[in-house]
Peer 1: 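My questions all concern the structure below.
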Amino acid sequence: MPVRVRDLLPRDLPACTWSGSAHHLRQVERELARASAGEVDYLAVCTPADLPVAIGGIDYQVSEGAGTLWQLGVLPAVQSCGLGTLLIRAAEQRIAERGLRRAELAVEEGNPRARALYERLGYVAYGSAPDAWDEEGPDGVIRRYETTCVLMRKDL
């Protein structure tokens with residue numbers, strides 16, 4: 001299936017419910033406001049019908065001289081079809097277009113599948129750090145999720 005990568009737009013959010021809860025999508029919406037200020041890019045891999053099947057952000061405010069990839073996700077029904085790779089390559093291109101020479105990301109220690117993808121794409125672990133974010137449970141209650149992430153980077 002042919003796909004294309006473009007900026008994620010607020011009008012896309014109703015089609016992105018597969019990526020997380022309503023709380024998560026509100027957070028993505030806030031990040032899109034930061035995109036209009038040039039602080040982040042938020043990308044979407046879209047089908048010919050212009051529906052997002054993979055999304056992810058690049059934050060330029062986290063680490064000096066680098067773009068930090070985050071909130072990467074692929075529609076579960078089309079995982080392992082190369083869309084994550086396409087998304088990451090497009091993100092790396094955006095980072096390079098800004099004149100930055102490094103991409104960084106964090107992956108949960110308990111997510112070996114994602115880590116293997118990043119390693120195949122040339123990312124190297126350089127440490128670990130605790131991380132936390134608010135997460136909406138099935139009951140609609142927001143709880144703090146705490147984890148440890150492997151920090152990874154790649155020279156572009």
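In what follows, residues are counted from 1 in the order of the sequence shown. Any value given below was found using the heavy atoms of this structure, including those in side chains, with hydrogens, waters and symmetry copies removed.
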Peer 1: Quick one: does Arg34's side chain get under 4.5 Å of Gln61's, heavy atoms only?
Peer 2: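 They are in contact (side-chain heavy atoms under 4.5 Å apart), so the answer is yes.
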
Peer 1: What I want to check is whether the side chains of Arg113 and Ser80 have a donor and an acceptor closer together than 3.5 Å.
Peer 2: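 Present: a donor and an acceptor within the cut-off.
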
Peer 1: Can you name the nearest heavy-atom pair linking Ala114 to Val107, along with the distance?
Peer 2: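 That would be CB-CG2, 3.8 Å.
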
Peer 1: Can you see which heavy atom on Leu121 is nearest to which on Lys154, and at what distance?
Peer 2: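 Leu121 and Lys154 have their closest heavy atoms at O-NZ, 2.7 Å.
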
Peer 1: Just verifying a value: how many Å separate Cys46 SG and Asp12 CG, rounded to the nearest 0.5 Å?
Peer 2: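 Between Cys46 SG and Asp12 CG, I get 6.0 Å after rounding to 0.5 Å.
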
Peer 1: Answer whether the closest heavy-atom distance between the side chains of Pro130 and Glu146 falls below 4.5 Å.
Peer 2: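 Of all side-chain heavy-atom pairs linking Glu146 with Pro130, none is under 4.5 Å.
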
Peer 1: Would you check, one step at a time, whether the test side-chain contact (heavy atoms from CB on, under 4.5 Å) holds for Glu136 with Tyr145?
Peer 2: CA-CA 9 Å; Glu136 183 176 352; Tyr145 176 78; over 6 Å; no

Peer 1: Kindly work out whether a path of hydrophobic side-chain contacts (I/L/V/M/F/W/Y, heavy atoms less than 4.5 Å apart) joins Trp18 to Leu13.
Peer 2: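 Same hydrophobic cluster.
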
Peer 1: Do Val53 and Val74 have side chains that get closer than 4.5 Å, going by heavy atoms?
Peer 2: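 Not touching, per the 4.5 Å side-chain cut-off.
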
Peer 1: Does the side chain of Gln71 reach to within under 4.5 Å of the side chain of Ser19, using non-hydrogen atoms?
Peer 2: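 Not touching, per the 4.5 Å side-chain cut-off.
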
Peer 1: Using side-chain heavy atoms (C-beta onward) and a distance below 4.5 Å, is Ile95 in contact with Leu69?
Peer 2: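 Touching, per the 4.5 Å side-chain cut-off.
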
Peer 1: Is there a side-chain contact (heavy atoms from CB on, under 4.5 Å) between Arg143 and Glu135 once you walk through the steps?
Peer 2: CA-CA 5 Å; Arg143 293 179 180 85; Glu135 189 173 79; 5.7 Å; no

Peer 1: To check you understand the geometry: which heavy-atom pair defines the closest contact between Leu72 and Gly57, and what is its length?
Peer 2: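 Closest approach of Leu72 to Gly57, heavy atoms only: CD2-N, 4.4 Å.
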
Peer 1: May I ask you to decide if Ala66's main-chain N or O and Ser63's side chain share a donor-acceptor pair within less than 3.5 Å?
Peer 2: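 Checking the backbone N and O of Ala66 against the side chain of Ser63, no donor-acceptor pair under 3.5 Å is found.
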
Peer 1: Report the C-alpha distance between Arg94 and Asp7 in whole Å, list the side-chain angles of each, state the deciding distance to 0.1 Å, and finish with yes or no for salt bridge (Lys or Arg N to Asp or Glu O under 4.0 Å).
Peer 2: CA-CA 11 Å; Arg94 289 282 182 102; Asp7 289 326; 2.8 Å; yes

Peer 1: Taking all non-hydrogen atoms of both residues, which atom of Ile55 and which atom of Cys16 are closest, and how far apart?
Peer 2: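 Of all heavy-atom pairs spanning Ile55 and Cys16, the closest is CG2-SG, 4.2 Å.
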
Peer 1: Decide yes or no on side-chain contact (heavy atoms from CB on, under 4.5 Å) for Leu75 and Gln79, but give the supporting numbers first.
Peer 2: CA-CA 6 Å; Leu75 176 70; Gln79 288 179 353; over 6 Å; no

Peer 1: Give the minimum heavy-atom separation between Leu32 and Pro10, together with the two atoms involved.
Peer 2: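 Distance-wise, the nearest heavy atoms are CD1-N, 3.6 Å.
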
Peer 1: Is there a path of hydrophobic side-chain contacts, each under 4.5 Å between heavy atoms of I, L, V, M, F, W or Y residues, that connects Tyr118 with Leu151?
Peer 2: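 Per the 4.5 Å side-chain linkage, Tyr118 and Leu151 are not co-clustered.
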
Peer 1: Could you check whether any side-chain heavy atom of Asp131 comes within less than 4.5 Å of a side-chain heavy atom of Thr148, counting everything from C-beta outward?
Peer 2: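 SC-SC contact between Asp131 and Thr148 ruled out.
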
Peer 1: State whether the side chain of Arg102 and the backbone N or O of Glu64 hold a donor-acceptor pair below 3.5 Å, judged by distance alone.
Peer 2: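 The answer is yes, because a donor-acceptor pair under 3.5 Å joins these two groups.
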
Peer 1: Starting from the C-alpha separation in whole Å, work towards a yes-or-no answer on side-chain contact (heavy atoms from CB on, under 4.5 Å) for Glu39 and Ile58.
Peer 2: CA-CA 9 Å; Glu39 296 175 1; Ile58 311 155; over 6 Å; no

Peer 1: Are there over 12 heavy-atom neighbours, none belonging to Arg101, within less than 6.0 Å of that residue's CZ?
Peer 2: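 No.
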
Peer 1: Are Tyr126 and Glu104 side-chain neighbours, meaning at least one heavy-atom pair lies under 4.5 Å?
Peer 2: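 They are in contact (side-chain heavy atoms under 4.5 Å apart), so the answer is yes.
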
Peer 1: Over 60° means perpendicular and under 30° means parallel, so tell me whether Tyr42 and Trp70 are parallel, tilted or perpendicular.
Peer 2: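 It falls in the perpendicular class, over 60°.
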
Peer 1: Linking I/L/V/M/F/W/Y whenever their side-chain heavy atoms sit closer than 4.5 Å, directly or via other members, would Val62 and Tyr123 fall into one cluster?
Peer 2: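 In one cluster: no.
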
Peer 1: Quick one about Glu97 and Gln93 (side-chain donor to acceptor, distance below 3.5 Å, no hydrogens or angles considered), yes or no?
Peer 2: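 Distance-only check passes for Gln93 and Glu97.
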
Peer 1: Using the rule that Ile, Leu, Val, Met, Phe, Trp and Tyr join whenever any side-chain heavy atoms are under 4.5 Å apart, tell me whether Ile88 and Leu156 fall into a single cluster.
Peer 2: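 Same hydrophobic cluster.
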
Peer 1: Is there a side-chain contact between Arg115 and Val150 (heavy atoms, below 4.5 Å)?
Peer 2: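 Result yes, sub-4.5 Å side-chain heavy-atom pair found.
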
Peer 1: If you measure from CZ on Arg26 to CG on Asp134, what distance do you get to the nearest 0.5 Å?
Peer 2: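 With rounding to 0.5 Å, CZ (Arg26) is 11.0 Å from CG (Asp134).
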
Peer 1: Kindly work out whether a path of hydrophobic side-chain contacts (I/L/V/M/F/W/Y, heavy atoms less than 4.5 Å apart) joins Ile142 to Leu25.
Peer 2: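 Hydrophobic grouping puts Ile142 apart from Leu25.
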
Peer 1: Side chains of Asp41 and Tyr60: any donor to acceptor distance under 3.5 Å?
Peer 2: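 Short answer, yes.
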
Peer 1: Please find the pair of heavy atoms, one from Glu109 and one from Ser128, that lie closest to each other, and give the distance.
Peer 2: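 So the two residues come closest at OE2-CB, 4.2 Å.
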
